[in-house]
Structure formats: structure tokens, C-alpha cells
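Keep in mind it's a predicted model, so treat the numbers as computed, not measured. Numbered from 1 within each chain, the chains take letters A, B, ... in sequence-line order.
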Amino acid sequence: MELSKAYSHSEVEAKWYRHWNDLGAFRPSDSSASHFSMVIPPPNVTGSLHMGHALNNTLQDTLCRYKRMDGYRVLWVPGTDHAGIATQNVVERQLAEKGLSRSQLGREKFVQRVWAWRMEAGGTILHQLKALGVSCDWSHERFTMDEGLSMAVIEAFVRLWEDGLLYRAERLINWCPRCKTALADIEVVHEEVNGHLWHIRYPLVDQPARGLVVATTRPETMLGDTAVAVHPDDPRYRNFIGKKLRLPIVEREIPVIADTFVDQSFGTGALKITPAHDFNDFEIGEKHGLKKINIFDAEARITPEAFVEEAGQEPAWLHRYRGKQRYEAREIIVEELKKSGLLEKMDGYRHAVGKCYRCSTPIEPYLTPQWFIKIKPLAEPAIEAVRDGRIKVTPEGWSNSYFAWMENIKDWCISRQIWWGHQIPAWYCKACDGGKLLETGEGDYMLARDARPIVGREPPNRCSSCGGNSFLQDPDVLDTWFSSALWPFSTLGWPKQTEDLKRFYPTSVLVTGFDILFFWVARMIMMGLKFMADVPFRHVYIHALVRDQEGQKMSKSKGNVIDPLEVMERYGTDAFRFTLAALAAMGRDIKLAEERIVGYQNFVNKLWNAARFVLMNLSPGQRSEQNLADSLRGNELNLPDQWILSRLATTVGNAREAIDSYRFNEFAHHLYQFTWHEFCDWYIEMSKLSLNGTIKDDPLKTQRVLATVLENILLLLHPLIPFVTEEIWQVLRERLGPGKQVMPGGIEDSTIMLQPYPRPRPEWMQPEADERIGFLMEVTRAIRNLRAEMNCAPSKEVKVILFGGEQNLAFLRSQEPYLRALARASSVDYLTKGERPRGAATAVVGETEIYLPLGEMINLEEEKTRLSRELSRAEEELARVQRKLGNGEFVAKAKEEVVRREKEKAEEFEDKIRTLNLSLGRLREVEQAGEKP
RNA sequence: AGGCACGUAGCUCAGUGGGAGAGCGCUUCCUUGACACGGAAGAGGUCGGCGGUUCAAUCCCGCCCGUGCCUACCA
């Protein structure tokens, strides 16, 4: 098989993904080796692949592939969650297009409809993940609404109930009037908006001419006001405490109460209290025994019930408000207050408004019976698990956010008034509680707060109080995050004690973004400890968010979204994955610009071409490692061979260290650097001399070194760029012949995926070779530099004259063919003493002086300028070093090694200055003599 | 309001208590038998500002300015 001149990803990726899948390479091996397991953060079943998923899964896949190659028994569980509200919204929108609503369909038919949608369209994102190359075990794919996982949800719910950690209560909760459901506190996103602060006068009942002025951002809620609070120490209002006010419009008499919660300096210092529609007011109301008047229905429209109940009949003013949306009602109220002269003023005011995280509708605090988890008893052990290191969070800084949140955690509202999800396993006796049923909309109902739930794994047979046998299931479903919290063990079979569960729980690591630290990570830890009595994962690696190149969060509305699928199509999945990993520095967001991807596409191509070079120079039948071992024994390796193997050994160590500590960017960087700037730039160039017979060397040995290093590069890079490495490896393997079969008849030898990951080879480390080649490279660069400065065409060969110490010169002489080839020198002279050439371009490397007698090509003025610049640089450096060395305290207190280095530096710079001065002197002589150099 | 990050080359970002780095971009030169998705060389930085600790600070500490994020009940 021949490789084409440029790498073409489009022909390669699908082929190898299928190959891996067909081989069963994604499944855990049968070995008894150590286990490594991960669960995927389940993407939303309605979702499609975005940059966040791409990053998240690239990192996970890199880890999995690395661990698998490194001999672990790897399980990576894929799947999706049912995304209750989001999915229900999607299907409701589809129904709406046909003019249908879910209440028209009824609960059962609607849920069937959602299942149909899920079967048809719900798996998109998993297919997209395959394009990314993820090596999940698809035979383990799970969905939070699967039978097994649903059983886990019921089991968890019932156990929490039995342990007294669940309760049902009427509380003020966050209500989305569009989704018509309760939300948990963290499902509310706070957004700054430009609003107003209205100042409204509430007259005293006794003296209507006097009154209190309250300040509010939500005048419409005044319909539900049951008090006005002032600070007990506020001298302005002390006399009002205990007096009655007449609430405008409603005419309700409400008391002025004293509470230290009130901030005297804010607004007017008088706070209207609406216990049924504001969280603070609710608490104050509880404290002072105030009535809670609910003025809204489930869609946040003004509803008459409370007013009718209060007045015994519908009050006259109500018709103007009845059925009006909150913001319409606000306008009417403001208008009405203006007319009656009670609106004192209206200021512009910027404040935060809570919105639904699914649909951005402003949240309404709403008084309804809901299910809550008593969270403190669960949070405490979960805090402890992170504090005592049973769970390690990387980067560590996130553990502070975790502690802060967990320590102030509030009970978790887990009931949702939607239909798509796990219906709560609680029933109510129709005989006892049938009268407590409240219709809340077509097909929707709610049970009053004092209804008595019977919780169980199965519907009850008989009511324990009345003996009745007719029951009604609680209509609510559970928060999707409730089932997600069980994911690390429900996917492994819990509550059944399966083999998977025994083997793979706790999972090794969880890789996720910080945005779901509270939604998910914290809750998994709590549930894992509760039900499995062990942490759900040993490590949490938290990665950044992907933003656009301006650092903005990508969003459809901003139009700055980069579609990962398009990127993969255009630049190749490998280039894309490499880019994400290379940018994934810890604790920093990723600003993704397409140029970066192009850069790494070039890297993939560079690797491809390096492979082409190795392959086109490879005689068949070499099994690289084995024969290389022979070469090493035979001491046949020349200096560049030793050097590249030494660098390889170092790189293996660096790469492993980086990935073992989740430093993906360093992992990528080390491999990039070694592949391109050591292997390609230097070793391949040097190897050409052996291959083409310029130097006397065994070309077969050089081929083996080339093949060995290439194979190692492929293995090292495979976790990051799986496709191109497989493509090359397959050709290489075909050329080299079969390697050692790990298992006779096993699949290991038919994919790079299952090759052992390179291990550090201390015996390949050659510090001396590193140093020597380093010196050779420096001299080479110096000569190239001179040539470029002198505008000496690369095609033109030049003579090189070296002055220096005997040892260095002897070494350079021994490597002369390389020097000549790399620096394009026609000849090299080695002199330890004597007259330096006049009018030659000069450079200094350590104690070695380099002269290029370029004759006519040298522009005296330019060369003088250049040398002067070099000289002044060297002088500045020397001055700085001498200042240090002249400082007695530095010499006395700094580490010995540091002082020694500074002294060496001083000598080097002195040498350099001396040489440069001599060169400049010679140039001036030439100039004065008017000689042609 | 509190908390946490961040501010380093034109851009995007690594990094470190003792000689400032990468990728891209830019300039000059080069189609040399792996690669022009390439090669060689180069220019470019008071490491946000001001103080402090230290023999030594881009790095540690404090304050300030700027940016971003998270959390929060100031109507």
C-alpha cells in the first residue's frame, strides 16, 4: 500500500471506526487486569453535538484509549438522559404545529408520542459522537428512562422515603409559568435586566392623608400584599408600627410590622410584603403569621379565587385584572395608581430577574405542594468524601466551589408538573383524599398539601386508614437530575448486584464541565454514598467551556456557533481533537479559532509525510523493536540514533506524566514538539546520510530506528488522533510483518488501539548524546544564521572555518558529514590557534568560533553593524551577570549551583566579547586598508 | 454584595523564585528526492499599574485598574 502525498481524512475515519467496532475493541477486555471505568456525562436526548460535547468526549476518549493501551480493562458507558422538560417542549412544539396540545391527547397518548419521538430522533447525538471517534462500549448504552434505570429511580425514591429523607410540603417554589412546572433553585438563571423601582403610597386607615411609601420592582404583586415591613429602629417609621394601612385598589387593611430584615437605606425603607409571591416575604410572613394570598394561576395570570374567598364575593375592581398576564396587570396597576395620585415616582433600576433555564421565561415564586429531599444528611458525607480525598477534584480550585455550595445547600425540590419522566411512586387513597384533588388545567391535577401519599415500589392494595382499594398515583414526575444522579451505578445494573456493578463501581474518573458541578457531580456523590456506600468516582476532572475567539459563550442567538461536525468534515477529526486537547489547559476557558485547527491539520499532515518517508525507505521484513534490540546489543547505533531514542524515552516519560495528571495540553505539546521539531526537523534529515550512503553506516539499522521511532510516535499519539495513527500503523504493520501475538488468535494485532502504550525505557536515555547533538545543532544553526544574514543563497555551498578547543573540534570533525549536509558547507577547517580569517562573517558558540569567508558577499558595513549588535547584547548580559556576582549577598545566600552557573555565564560572555571585538577590529583593518576582503 | 479566575509577543495562550516560551500571523530567502498543509533565518514583550517580602519577583503577599465567571433574599 502506498501513501498519497497528502493525508486525506475523509476516506479514512469511517473505515477505521467500523473496524474497531466490528473487532469488539470498544468492549472491556477479558483480562483480569486492573479496571478503568467511566460513565459518559449523559447528553440530553434532544441535543445535537456542540463544542462542549466535543471537548468533553475528546478528553474522555483520550483517557480511555490511553488506559486501554496501557493494559487496563476499560469500560466507558455511553448513553443519554431523558431531559424531561426539554423533551416535552420539543414534542409539544411538534404537536402545536398540528394544532394539538398535550391535554387534548391526554397523558398516556402524549407519553407514547414522546417515546415515538425518542426512538426516531433521540439518538442523533450518539451517532455524532461516533464521528468524533469515541471508544465507548456501545453494548452498554443506557437511557435514563430504560426499564432498568427506571427501576433504580423507584428504588432510590422509596429508600429515601423509608429513611425519612423525603417529604411532601407546600412551599414557595420556583415556578415556570410557561413550562408550568416547579424548578429546583439551580435551574433558575439570574439575569440582569433594566427594570424600574416604583414608589407607591399606602395610606393609613385612620388618617388617609398620611401613609407609607413602599418601593417595589413588581407592583402587580401588591394585590397579594398582607403587610408592610419597616426596620424597628427606623426613626421615620417608628410611629407607624402596629398601625393599619389601606392597600390601594384592593382596599385590604394590612398591618405595618417591624422586622430587622428591612434595609433602611434601600428605597424608602418600607417593604411591601407579598408572602405568596416572594421568597423573602414568605419567610417574613411565616415569622409574623401573615396570610399568604395567591393571586396567580399556573400560567401567572391573575386568578379570582383568593379575592372571592376574602370578600365573600367577587370584588368590583377585579374585572379589570381577571385573567390578565403578570405584565399586563402591572401596566394596569401602574396606570391606576398614577390616576389616583398614589404613584410617587418611578426610577430606572437595574436588577436581577430569575429565569427558567429551559425557556428563559421569568420565574414566578409560587405556592404549591411539592416533593423535597432533605439534603443536609446527604450533603455532609459528600462534603467529607471530597475533604478527606476519597474523591480528588482536578483542578483543585473547584473543590472550593463545591464546598461553598454544599455547605449552604437547601432542600432539593424534585417534583415536576410535567408528563415525560419517572412518575412519582406515591399513591393517594381516593376515598380519603379524593376531595383534595385540584384541577389545575385540562388533564392536569394536583393534590392538596394535606393529601397523604402512600409510597411504594408497587401500587398499594388497600388503604391502611379506610381499607379502600382505589388509588390515584401522584401526577408529578421526578426531576431528570434525580435519575442522572444515579447514573454511575444505575447504568451498571443497580439495584441488582450485577457483575458490572461489582467490577466497575466506583468508576475511575468523571470528566465534565464546571457548569454541571452542582446539577450533577454533587448529586452523584450524594447518591453514590447513600446507595452504594462508596463514592461514585475516584477523580473528577473538570474542564473548561469552549468559547468563540472573542471569548463569548457560543450560542445560536449570537450566531457565533462553530459546528463540530462541519469542523471535522473540513479539517479532519484528528486535527479537531488535537486542537481541543492542545487548548485544554487547566482552569481556563478555550477560545476556539479556526486557524488553530488549520495549524493542527498541518501537524497531522506532517506526521503523514514523515511516515511516508519512513515507509518509502523501509526494506520489507523488519520487525523494528526486535531487530533494534539486536542493534543495541551490537553497539551499532551512531550518535543521531542514540540521540533520537534518548529523546523518545524522555518524551514517553513526559507524555505519560502529562496525561496521568490530566494535563492534556502538555500531553499534546510534548508529542507535537518531539514529532515535528526533533524527529522530522533533525533526525529524519540526519538519517538521510545513512540511507543514501553519504556516511558509512548500516542502512538497515537506520531503517529500524526510523521505524521504531515512528511506531512509538503513532502509539503515543493514538489516544489523541486515533484515525491517522491507525491508518499509518496498518501500513507499517503490513510492511514489518506480524508482531508478537498477545493472545494467539486474539484481536490485538489487528488494530493499534490494542497495542501496548509505550513505556519509559531508561536504557535508551543518553544524556551525553543529547548534549552532543545539542552542540552540533547549535553550530549548525549559527552557520545557517550567518548564511541568512549574508543573504547567501541556500543553494550556494560555503567554506566553514572553526576555531576552538581540541575536544570540541574533534567532536565536530567526527560529525562533519552532518555539519556539511545540514549547514550546506562545502568544507570545514578545524583550527585550534593562529590567525583568524580576515573579513569573514563571524559567530560564536560557547568557546567555538565560526568563520564564513564569504569574500565579496560580505557587506563590511552590514557585518560591522551586525557584530556590534551582537557585541552590545553580550555586554549587557555580562554586565547583568557581573552585577549579580558583585553583590556579596547574592554570592553568600544564593544556592551554590546558581552562583556557579552565573560564573560560567560570565566567562562565556567574556569569551564572546573578546572574539567579537577581535572580529570587529579585523573588519576595521580591512576597511582602512581598502582591501577587498 | 460576596467568592473565584484571568491580564505575558500583533492574535490565541503555555510557563517559571535565578538567562522570557509555543502556535498562528508578520518579514526575508528557498520548489534540495517525506511534506509548500513544506524548509531555513528573523523581527517583535517595561510579563496590567503601584507598593511589600527576598541576595534575587513575570512568578510569593497587599492595594489599585481592567476583564470574565460563579454564588446571593436587598425590595
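Nucleotide B:rG39 holds its C1' atom 12 Å from the NE2 atom of A:His677, rounded to whole Å. The interatomic distance linking A:Glu187 (CD) with B:rU71 (C1') rounds to 17 Å, in whole Å. Note: CE (A:Met777) to P (B:rA41) measures 10 Å, nearest angstrom. Regarding A:Leu517, its CG atom lies at a distance of 15 Å from the P atom of B:rA5, rounded to whole Å. Computed from coordinates, the A:Glu192 CD to B:rG68 C1' distance equals 14 Å when rounded to whole Å. A:Glu283 has its CD atom 8 Å from the C1' atom of B:rC73, to the nearest Å. Following rounding to the nearest Å, A:Met790 (CE) and B:rA40 (C1') show an atom-to-atom distance of 15 Å. Atoms CD1 (A:Ile363) and P (B:rC73) sit 13 Å apart, rounded to a whole Å.
No contact: A:Phe403 has no heavy atom under 4.0 Å from any strand. Within 4.0 Å of A:Arg873, counting heavy atoms only, lie sugar-phosphate atoms of the nucleic acid but no base atom. If you check every strand for non-hydrogen atoms under 4.0 Å, A:Arg880 touches sugar and phosphate atoms only. If you check every strand for non-hydrogen atoms under 4.0 Å, A:Arg784 touches sugar and phosphate atoms only. Heavy atoms of A:Gly269 sit under 4.0 angstrom from at least one base atom. A:His199 comes within 4.0 angstrom of nothing in the nucleic acid, heavy atoms only. Note on A:Ser401: nothing from the nucleic acid sits closer than 4.0 angstrom, heavy atoms only. Backbone-only contact: A:Glu877 has heavy atoms under 4.0 Å from sugar-phosphate atoms and none from a base. The residue A:Arg781 sits close only to the backbone: its heavy atoms come under 4.0 Å of sugar-phosphate atoms, none of a base.
Looking at A:Glu364 and A:Arg218, a side-chain N of the basic residue comes within less than 4.0 Å of a carboxylate O on the acidic one, giving a salt bridge. In summary, A:Glu877 and A:Arg880 engage in a salt bridge, as defined by a charged side-chain N under 4.0 Å from a carboxylate O. The existence of a salt bridge linking A:Arg326 and A:Glu220 is excluded, since no basic side-chain nitrogen approaches an acidic carboxylate oxygen closer than 4.0 Å. Residues A:Arg901 and A:Glu904 are not paired through a salt bridge, judged by the lack of any N-O separation under 4.0 Å between the basic side chain and the carboxylate.
A:Leu245 places a side-chain heavy atom less than 4.5 Å from the side chain of A:Val256. At least one side-chain heavy atom of A:Val189 sits less than 4.5 Å from a side-chain heavy atom of A:Lys355. Annotation: side chain of A:Arg577 is in contact with side chain of A:Thr573 (closest heavy-atom distance under 4.5 Å). At least one side-chain heavy atom of A:Thr780 sits under 4.5 Å from a side-chain heavy atom of A:Trp682. With a 4.5 Å cut-off on side-chain heavy atoms, A:Arg781 and A:Met777 count as touching.
Of the C1' atoms belonging to B:rA20 and B:rU28, the separation is 25 Å, rounded to the nearest Å. The C1' atoms of B:rC55 and B:rG44 are separated by 32 Å, rounded to the nearest whole Å. Distance noted for atom P between B:rG45 and B:rC37: 31 Å (whole Å). Taking atom C1' on both nucleotides, B:rG42 is separated from B:rC4 by 42 Å, rounded to a whole Å. The gap from the P atom of B:rG23 to that of B:rA41 amounts to 12 Å, rounded to the nearest Å. Taking the P atom of each, B:rG10 and B:rC47 are spaced 13 Å apart, rounded to whole Å. Annotation: B:rG18 and B:rA56 have their P atoms spaced 14 Å apart (nearest Å). Going from the C1' atom of B:rC59 to that of B:rA72 covers 34 Å, rounded to whole Å.
Searching all strands for a Watson-Crick or G-U wobble partner of B:rG38 with both distances below 3.5 Å returns B:rC30. Using Watson-Crick or G-U wobble geometry with both donor-acceptor distances under 3.5 Å, B:rG17 finds no partner in any strand shown. B:rC47 is unpaired under the criterion used here, namely a Watson-Crick or G-U wobble arrangement in which both key atom distances are under 3.5 Å. Nucleotide B:rG23 has B:rC11 as its partner under the Watson-Crick or G-U criteria, with both atom distances under 3.5 Å. With both pairing distances under 3.5 Å, B:rG68 is matched to B:rC4 as a Watson-Crick or G-U wobble pair. Pairing for B:rA56 is absent, judged as Watson-Crick or G-U wobble with the two contacts each under 3.5 Å.
Among B:rC24, B:rA43, B:rA75, the nucleotide with an atom closest to any side-chain atom of A:Asp263 is B:rA75. Listed nucleotides B:rA43, B:rA41, B:rC70 differ in distance to A:Phe518; the shortest reach to its side chain belongs to B:rC70. Closest contact between the side chain of A:His669 and the listed nucleotides B:rG42, B:rA40, B:rA22 involves B:rA22. Closest approach to the A:Lys410 side chain among B:rG19, B:rU12, B:rC73 is made by B:rC73 (side chain taken as heavy atoms from C-beta onward). The side chain of A:Phe266 lies closest to B:rA75, out of B:rG19, B:rA75, B:rG18.
Distances shorter than 4.0 Å separate none of the side-chain N or O atoms of A:His351 from OP1 or OP2 on B:rC73. Look at A:Asn665 and you won't find any side-chain N or O under 4.0 angstrom from OP1 or OP2 of B:rC13. Listed pair A:Tyr600 / B:rC24 fails the phosphate criterion, with no side-chain N or O lying under 4.0 Å from OP1 or OP2.
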Under the salt bridge (charged side-chain N to carboxylate O under 4.0 Å, His left out) criterion, do A:Lys905 and A:Glu908 qualify, and how do the steps go?
CA-CA 5 Å; A:Lys905 264 190 265 177; A:Glu908 261 177 50; over 6 Å; no
Checking A:Tyr357 against A:Phe519 for the ring pair (Phe, Tyr, Trp, His ring centres under 6.0 Å) test, could you report, in this order, the C-alpha distance in whole Å, the side-chain angles of both residues, the deciding distance, and whether it holds?
CA-CA 12 Å; A:Tyr357 82 137; A:Phe519 276 106; 5.7 Å; yes
Take A:Tyr672 and A:Tyr600 through the test ring pair (Phe, Tyr, Trp, His ring centres under 6.0 Å) and record every step on the way to the result.
CA-CA 9 Å; A:Tyr672 182 101; A:Tyr600 292 113; 5.8 Å; yes
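Residue A:Lys905 is the one, among A:Lys905 and A:His190, whose nearest nucleotide of RNA chain B lies closer to the 5' end (criterion: closest heavy atom).
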Indicate for each nucleotide in nucleotides 51-59 of chain B, in 5' to 3' sequence, whether protein heavy atoms under 4.0 Å reach the base (B), only the sugar-phosphate (S), or nothing (-).
----B----
Protein heavy-atom contacts under 4.0 Å, written 5' to 3' over nucleotides 30-38 of chain B as B (base), S (sugar-phosphate only) or - (none), form the string S---BBSBS
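When A:Lys292, A:Lys287, A:His277 are each tested for a side-chain contact (heavy atoms from CB on, under 4.5 Å) with A:Phe282, only one passes: A:Lys292.
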